[in-house]
Every structure is written in structure tokens, then in C-alpha cells.
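Working notes, structure below.
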Amino acid sequence: MKAIDLRSDTVTHPTPAMREAMYRAEVGDDVYREDPTVNRLEQMAAQRLGKEAALFVVSGTMANLVALLTHCGRGDEVILGDRSHTYMFEQGGMAALGGITPWPIPNQPDGTLRPEDIAGAIRGDNVHFPRTRLLCLENTHNMCNGAPLTAEYTAQVASLIHGRGLRVHLDGARIFNAAAALGVDARELVREADSVMFCLSKGLCAPVGSLLCGDADFIAEARRARKIIGGGMRQAGILAAAGIVALEQMTGRVAEDHARAKRLAEGLAQIPGIAVTPPASNILYFQLTDETTKTQEEIVSGLAERGILLLGRLEGRFRAVTHYWIDDAGVEKTIQAMRAIM
Ligand code: TLP
């Protein structure tokens, strides 16, 4: 990759090992469950998260939608964070395509939802109300500083939800970042979730794909939901092969990205006019202070002229995301460029 592209970890290109594996992948028709490479990836994913089964889908958005369509029927309600990706950035797919109502409650700065807010949002049995069916959590939390949710928090909230006969879905798009940030196995973080999705196509560098994991009955139903929204794939082993490399080679290295995000934060914090929120994983947010007359647009275009890309439109904040293709030199160059522009 030529630019220093900090817009997202979704911009990552596949590694040479992934391209090689894709070239050599054995394939079959996955709608008939005959693609050996997809089958292997699904088994690996389930095993890595300690679940019975997994389903390969094209994107994180599709994984969340399939999960919601599987857990809920038309008219059901989902409790989720008001800053969650599913609520903010998935076009309201649950409502648009599934007839499911979202009930957003406040995300705390650390990405959690307060147990009392969750309890207060669970509907009683009343003919006027939709039926609460599901709680969605997000780990790490994209809009909340890339913060990881601990296993203890997830267990506490899941116990509240399960005690009311409801279920928990976890958007674990970056669950291996959460595991690295907390120094625990990803299984610990998802143990109490009834379903969990994670993405191969973010910090893990695969070109396409996410996995939805859960028990065997849930995944069998999810396979039907994937098909009805047109997500049944054929010789998808070409894509799954890169995903296998992602699980084998990339999950163990994401702590390096966290260290670079921290270094970038430290460097930017030295520059007058910039206020940095210390990053909790590979996602760094910062903003301009009253000390500067620079505008967001000037910063973004000034960086772009120097071959550095980042996002500058999220609620007046800048977002920089570190990943496999950002090295130490890229971090230092970004700090220097920012200093020059400011
Ligand atoms: N996030 C993308 C954008 O959509 C904002 C990014 O650049 O961060 N859950 C979480 C927590 C995510 O961050 C994302 C993507 C998704 C789901 C959706 O994944 P995709 O893009 O594969 O549909």
C-alpha cells in the first residue's frame, strides 16, 4: 500500500500468504456445503470462539443482520447502544428488512451499556408493546474509542438478559483486538453471548468476509437467513482461504497495532491545538482545540497532500486506525506531517 491509510483497518490489502492461499484454494459449491475450504474456515472460527458452529458471510453488516433476523421475528425489539455500529451505520437493516424495532440506550464512554438502562428497556407483557427479544453488545467499541468490553462485564449483562428469557448477540467485528487489549483468549469474551460475529476483513487483512458463530441450531437457521437475503455463495473457498490465513497468522499480532496507535497518540498529544483521547486498542480519536484556527478540512487535505489519509467527519473528531500496513515509519511521518500542518 503506497499511502499511509489510517481511515480504517478495512482498507488493509491481503498479505502475500493470503494471495498464495487463495490461488491454491480447493473449492466447491458452498450452497451445497461442498466447499472444503469454507467448511474448514467455519470449523476453525467456531473452535477459536468456543462455539458449536459458524457461518461465513460477506461482511460484518450481513453477519449482524443475519443474526438479528435469526434471533427475532417481525415486531420484535432489540436493545442496543445508541453509538453501536448496528444502530448507526447499518442503514437500520433490522427495521428495513426484518420488521425489527431497535431500542437504543446510551453507550457509556467505555462502550458499555448500564445494567439499569438495559433492565429499564426490557418490555413487560403488554398488548401495546413490541416484544423484547435480544440485546446487542459491541466489542471492541468502534465509536467509543475502540474500547474492549471485559468478560466480567459481558457475563454480568448476559446473566441479566438470560434471567429474563432473552438472548445476547455480540458484534465482535474486532474481537481479537479486544482479546489482545485485555490479554485474554477471545473465547472468554464471547462465552456468555448466544451469537457472536467477527470480521476477517479488518485488522486481520483478509479481503472479504465475516463469521457468525453460535450453537448448531442457531447457525442452521442463520444459514437460511443468509440465503434469503442473497448471501448464499458458491465457490467461496477462494475467499475463505484468505480467512484461514487470517486466523492462523494475523490474530496474534494485533497488539503491535495497538502499540502504534498509542505511539501516534503520544506524538499527536505533544502538538499544541490537538486533544487526544488515549486509544484503548487500534482506534484513535482526536480533535482540535480552541488554541487553533485550523479547520478539519484543512487538516484532512493537508495530510492527503502528504500521502496520509484519515477520517475527519465523525462528530467533529478525527479517527485514525492502525493496522498491518502501518509501520513505525508511517506513524512518525504522520506525527511530523501533523506538526507541520498545525
Ligand atoms: N466499520 C467500518 C465502517 O462501517 C464505519 C469502519 O471503518 O470502522 N461492526 C463494527 C463494530 C464495525 O466497525 C463495522 C465496520 C461493521 C460492524 C460492519 O462491517 P462491514 O464493513 O464488513 O459490513
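One-based numbering, in listed order, for ligands and for the atoms of each. Numbering of residues begins at 1 and proceeds along the displayed sequence. These numbers come from the heavy atoms of this one structure, side chains and all, not from hydrogens, waters or symmetry mates.
- Salt-bridge check for E248 with R40: passed, with a basic side-chain N closer than 4.0 Å to an acidic carboxylate O.
- The shortest separation from a heavy atom of R7 to ligand 1 is not under 4.0 Å, leaving the residue out of contact.
- Under a 4.0 Å N-O distance rule, the pair R131/E77 does not qualify as a salt bridge.
- A salt bridge does not link K333 with D327: none of the charged nitrogens is closer than 4.0 Å to a carboxylate oxygen.
- When the heavy-atom distances from atom 19 (O) of ligand 1 to M143, K202, H85 are ranked, the shortest goes to K202.
- With a 4.0 Å cut-off on non-hydrogen atoms, M88 does not touch ligand 1 at all.
- Residue contacts with ligand 1 for R174 involve side-chain atoms from C-beta outward but no N, CA, C or O (heavy atoms, distance under 4.0 Å).
- Each of the following atoms of ligand 1 lies closer than 4.0 Å to a heavy atom of R319: 6 (C), 7 (O), 8 (O).
- The aromatic ring centres of H71 and F218 sit less than 6.0 Å apart.
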Q235/D30 under side chain to side chain donor-acceptor pair (under 3.5 Å): CA gap, chis, key distance, verdict: CA-CA 6 Å; Q235 288 71 37; D30 181 48; over 6 Å; no

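- Looking at R260 and E332, no side-chain N of the basic residue comes within less than 4.0 Å of a carboxylate O on the acidic one, giving no salt bridge.
- The CH2 atom of W103 lies 4.5 Å from the CZ atom of R123; values are rounded to the nearest 0.5 Å.
- With a heavy-atom cut-off of 4.0 Å, M62 does not touch ligand 1 at all.
- Looking at S84, G60, S8, it is S8 that brings a heavy atom closest to atom 7 (O) of ligand 1.
- Looking from atom 23 (O) of ligand 1 to the surrounding protein, the closest heavy atom is T61 OG1, 2.6 Å.
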Verdict with reasoning, H85 to E138, per side chain to side chain donor-acceptor pair (under 3.5 Å): CA-CA 8 Å; H85 193 278; E138 185 175 314; 5.9 Å; no

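- The protein non-hydrogen atom at the shortest distance from atom 11 (C) of ligand 1 is E138 OE2, 3.3 Å.
- With hydrogens left out, the protein atom closest to atom 9 (N) of ligand 1 is D171 OD2, 2.6 Å, a heavy atom.
- At a 3.5 angstrom cut-off on N or O pairs, N142 counts as close to ligand 1.
- A salt bridge links D9 to R174: at least one charged side-chain nitrogen sits closer than 4.0 Å to a carboxylate oxygen.
- Here is the list of ligand 1 atoms found below 4.0 Å of a heavy atom in S59: 22 (O), 23 (O).
- Near A173, with a cut-off below 4.0 Å to any heavy atom, the atoms of ligand 1 are 9 (N), 10 (C), 11 (C).
- Remark: ligand 1 atoms within the under-4.0 Å shell around heavy atoms of E90 are 17 (C).
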